[in-house]
Structures are given as C-alpha cells and as structure tokens.
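Here is the structure we will look at, set down as structure tokens.
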Protein chains: 2
Amino acid sequence: MADQEVDWTSHAESRIHEAGLKKSGPRGRVIESLAGRDCAATALEIDAELEGVGRATVYRAIEQLEELGLVQKVDLGGSAFGYEKVDPSGHHHHHIVCDDCGKVEPFEDEALEEAIHDIHRKGFKLEKHEVTLHGQCQDCR
Amino acid sequence: MADQEVDWTSHAESRIHEAGLKKSGPRGRVIESLAGRDCAATALEIDAELEGVGRATVYRAIEQLEELGLVQKVDLGGSAFGYEKVDPSGHHHHHIVCDDCGKVEPFEDEALEEAIHDIHRKGFKLEKHEVTLHGQCQDCR
DNA sequence: CGACAAAGTGAGAATGAGTCTCATTTACTA
DNA sequence: TAGTAAATGAGACTCATTCTCACTTTGTCG
Ligand SMILES: [Zn+2]
Ligand SMILES: [Zn+2]
Ligand SMILES: [Zn+2]
Ligand SMILES: [Zn+2]
C-alpha cells in the first residue's frame, strides 16, 4: 500500500468523523477499495468486489464521499459512471477513452490546467472540471 | 431558421445519403429538432417533442448521426445524456453545469482549445474532447 | 410500371444502472 | 446502560436506453 493511499484513507475517515457521521465497517471497506485504485471504478465493480456489502451501502458511501469532496464522479463514456478518490492536495488527472474498446487511461497536463484555471464565468462559482479526450487506442487502429 | 441550421440539416441529409442510408420522414424530424437547438437536448426531450415518432427511432437516428460525426453526446451531469449537432467547421463549445439546479450553459474558450490541441498521447489517435466545468450558478449561491 | 431486397419504423418487452423503502443493527452519548 | 441517530442489506422500484419483431417504406433493377 502506497503512502498516498494510507493518507487518503485516513484523511477520508477523519473527514467523515468531522462531518458527524459514525464509523462503520461496510463503508470502511468501500473506502479501502477506492483507496487501492489510482483510477476510476464503477459502483457495481466495487459492489461486486465487496462480498457482504450491500449495493445500497456502496452507493450511499460513494455519495457521502462525493459530497465531502473525497471522491469524484467521472464519465467514462460507457453506460455507468466511474468514481475515483480525490487527492486532498488538489493534484488530479483527466482521462483518455478509446471509443472502440472502452479502455481508459489517465493523463495530466499542466498547460491544460492553467487554461482551465483562467476561465471565469460571470454568475458561476466554478468548483471543479472534467476533461475527457476521445479517440482510438493502438490496438483498435 | 438561421443559415447555419439550414447548412447543418442539408449537410446531415447528404452525409446520410452518402452512407447508403435511405431517406425517411421520422429521422428527418429528429434532424430538424437537433438543427433547431444550439445546445444539447436529451433523447427523451426530442422524443416528447416529436409526436408520432417512436422512441426507438429517435435513439436510432441519434446513434446513426453520432456515428457519422454529425451529433455528439454530452454528459450534463444528470441521469440522461444530452445530444447536440456538430458544426462541420469544427467550431464548438463546451459546458458549465450548476451542480445544484442542473442548469447548463455553453461557453467557448480559445486558450483552452489550444491547450487541448497541444496534447498528444502516444498510442492514441485523439479525435474529440469533452470539457465540463462544474459549479454553482447565481441563483443557487 | 411491378417485384425484390434492404433500410426504416413503432409498440412494447427487456435490460441495467441507480434509487428508495423498511425492518433491523450498530455506534455514539449522556 | 438507555436513548437516539446513523448505518445497513434485501429487494422493490424508477427510468434511460436497448432490443425484438412484425410491418412499412424506399430505392433499384428488369
Ligand atoms: Zn482516473
Ligand atoms: Zn484538471
Ligand atoms: Zn452545448
Ligand atoms: Zn473544445
């Protein structure tokens, strides 16, 4: 387990405690599952991975984590959304999707972040952003 | 009806003909509906607008148009996807979504487009991109 | 013109992700 | 330890989207 995972897990647990929520095993396992990945997974993938944890609990946990800004929802082009942990430092990545086979790869780009940071919109308080690049991967050319 | 709509409509109809597809009234009405909007609508909104056109036909038409690059799918954060016409010139916009009320506004940003254009990814042929900014609109502050 | 094949269509069934309900259990707090 | 609010899991439910299928339209060829 990498340091970052430990950090995110305990960070998540403390934010949950600060929010007045109770400690719980099933939600803890959802947090662990998210901590162990470096890119997005669907709610049903997590549900399938966690035997003995109900679907409703998985969705609820993800929802709570999302409200606390600990997890973000990402559209991976398929039929289900993906969810991935949010690094408290603000460090993040975006995604490239192969529209043929569905493969998803994370990427980072500083110039892109700057361009987005410079966008201001009257009447809107901007909080986050999502960028998805679409194309074809090597295997599908 | 603006010039651009006429252009996109006939452009769409010819591309459909070129693709070996047959002329059809119901699909024509779906094309009209998309032509008449300058931002995204959901499939069910279009279906509701077009009395006498079956749901399956609306979805099929959108799918065909999407495959021909005439329409693009956009994730508006809600439960359904939006679809909007693609200008053959390549001119396009992205979206700002209010996560509280769901309001969607289009925006354009040249610096953002340049930053995206400069992104290259080994093993991927990039074809399109989607950018969504999230925040709160004035009414929801 | 017909006649044929391929594309198109609409009603409704089916699918599948996500949400809701509710009776029961668990965690904190006084 | 009792009270209270949060948490849980099974399963019912919703709703966007896809699929099926019998039937119609379109375009082509003779
Ligand atoms: Zn990711
Ligand atoms: Zn970013
Ligand atoms: Zn738009
Ligand atoms: Zn763009």
Side-chain angles (χ1 to χ4, degrees), chain A residues 12-34 40-68 70-84 99 102 104, chain B residues 12-34 40-68 70-84 99 102 104:
Chain A
E13 299 282 17
S14 12
R15 297 280 286 111
I16 280 184
H17 182 252
E18 285 161 30
L21 302 177
K22 294 177 180 172
K23 194 155 87 77
S24 110
R27 182 169 51 212
R29 297 184 58 199
V30 173
I31 291 173
E32 266 175 48
S33 174
L34 287 160
T42 68
L44 291 180
E45 278 167 4
I46 294 172
D47 180 52
E49 178 191 317
L50 302 179
E51 268 180 75
V53 177
R55 224 184 3 230
T57 298
V58 172
Y59 278 105
R60 264 187 304 243
I62 289 173
E63 186 186 18
Q64 292 169 326
L65 292 167
E66 203 186 353
E67 276 167 8
L68 293 173
L70 296 162
V71 152
Q72 69 183 341
K73 183 200 261 189
V74 301
D75 169 24
L76 302 179
S79 56
F81 285 104
Y83 298 93
E84 62 188 9
D99 287 334
V104 176
Chain B
E13 300 279 19
S14 7
R15 298 279 287 110
I16 280 184
H17 182 252
E18 285 161 29
L21 302 176
K22 294 178 180 171
K23 193 155 82 81
S24 109
R27 181 169 52 212
R29 295 184 58 200
V30 173
I31 292 173
E32 268 177 46
S33 174
L34 286 161
T42 67
L44 290 180
E45 279 167 3
I46 294 173
D47 180 53
E49 180 192 316
L50 301 179
E51 267 179 77
V53 176
R55 221 176 9 212
T57 298
V58 172
Y59 278 103
R60 262 187 306 243
I62 288 173
E63 186 186 18
Q64 293 169 324
L65 293 167
E66 203 186 352
E67 275 165 9
L68 294 173
L70 295 163
V71 152
Q72 68 183 340
K73 183 199 259 190
V74 299
D75 168 25
L76 302 179
S79 56
F81 284 104
Y83 297 93
E84 62 189 9
D99 288 333
V104 175

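Lettering of chains follows the sequences in order, A, B, ..., and the numbering in each one begins at 1. Just so you know, these numbers use all the heavy atoms, side chains as well, and skip hydrogens, waters and symmetry mates. Keep in mind that this is a model prediction, so the values were computed, not measured.
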Item to complete: List in numerical order all residues of residues 43-60 of chain B for which some heavy atom is under 4.0 Å away from an atom belonging to DNA chain C.
Response: B:Gly52, B:Val53, B:Gly54, B:Arg55, B:Ala56, B:Thr57, B:Arg60

Worksheet item: Does any residue of residues 15-28 of chain B have a heavy atom under 4.0 Å from DNA chain D, and if so, which ones, in number order?
Response: B:Lys22, B:Lys23

Worksheet item: Quick one: how far along DNA chain D does chain B reach, first to last nucleotide 5' to 3', anything under 4.0 Å to a heavy atom?
Response: D:dA16 to D:dG27

Practice prompt. Scan for salt bridge (charged side-chain N to carboxylate O under 4.0 Å, His left out) pairs involving residues 12-24 of chain B, sequence neighbours excluded, and state none if there are none.
Written response: B:Arg15-B:Glu18

Worksheet, complete the sentence: Closest heavy-atom pair, A:Tyr83 versus A:Ile62, reported as atoms and distance to 0.1 Å, is CD2-CG2, 3.4 Å

Worksheet item: Can you name the side chain to side chain donor-acceptor pair (under 3.5 Å) partners of B:Glu45, sequence neighbours left out?
Response: none

Fill in: Under the salt bridge (Lys or Arg N to Asp or Glu O under 4.0 Å) test, residues paired with A:Glu32 that sit two or more places apart
none

Worksheet item: Does any pair with a residue in residues 57-67 of chain A pass salt bridge (charged side-chain N to carboxylate O under 4.0 Å, His left out), and if so which ones, sequence neighbours excluded?
Response: none

Worksheet entry | Residue list, side-chain contact (heavy atoms from CB on, under 4.5 Å) with A:Leu68, at least two apart or on another chain | A:Ile16, A:Ala19, A:Leu70

Discussion item. Show every side chain to side chain donor-acceptor pair (under 3.5 Å) that has at least one partner inside residues 70-79 of chain A, sequence neighbours left out.
Written reply: A:Gln72-A:Glu84

Discussion item. Which heavy atom of A:Gln64 sits nearest to which heavy atom of A:Arg27, and what is that distance?
Written reply: OE1-NH1, 2.9 Å

Item to complete: Working to the nearest 0.5 Å, report the span between OG of B:Ser24 and CD1 of B:Ile31.
Response: 8.0 Å

Response to the item:
Residues in residues 61-68 of chain A with a heavy atom under 4.0 Å of DNA chain D, by number, are A:Gln64

Item to complete: Of all the heavy-atom pairs spanning B:Ala43 and B:Val58, show the shortest one and how long it is.
Response: O-CG1, 3.6 Å

Discussion item. Measuring from atom OG1 of A:Thr42 to atom CG of A:Leu76, what distance do you get when rounded to the nearest 0.5 angstrom?
Written reply: 9.0 Å

Discussion item. Does B:Ile46 form a side-chain contact (heavy atoms from CB on, under 4.5 Å) with B:Tyr59? I'd like the steps, not just the answer.
Written reply: CA-CA 10 Å; B:Ile46 294 173; B:Tyr59 278 103; over 6 Å; no

Worksheet item: Which atom names give the shortest non-hydrogen contact between A:Arg55 and A:Leu44, and what distance separates them?
Response: CD-CD2, 3.8 Å

Fill in: Opening and closing nucleotides of DNA chain C in contact with chain B, under 4.0 Å to non-hydrogen atoms
C:dA6 to C:dA13

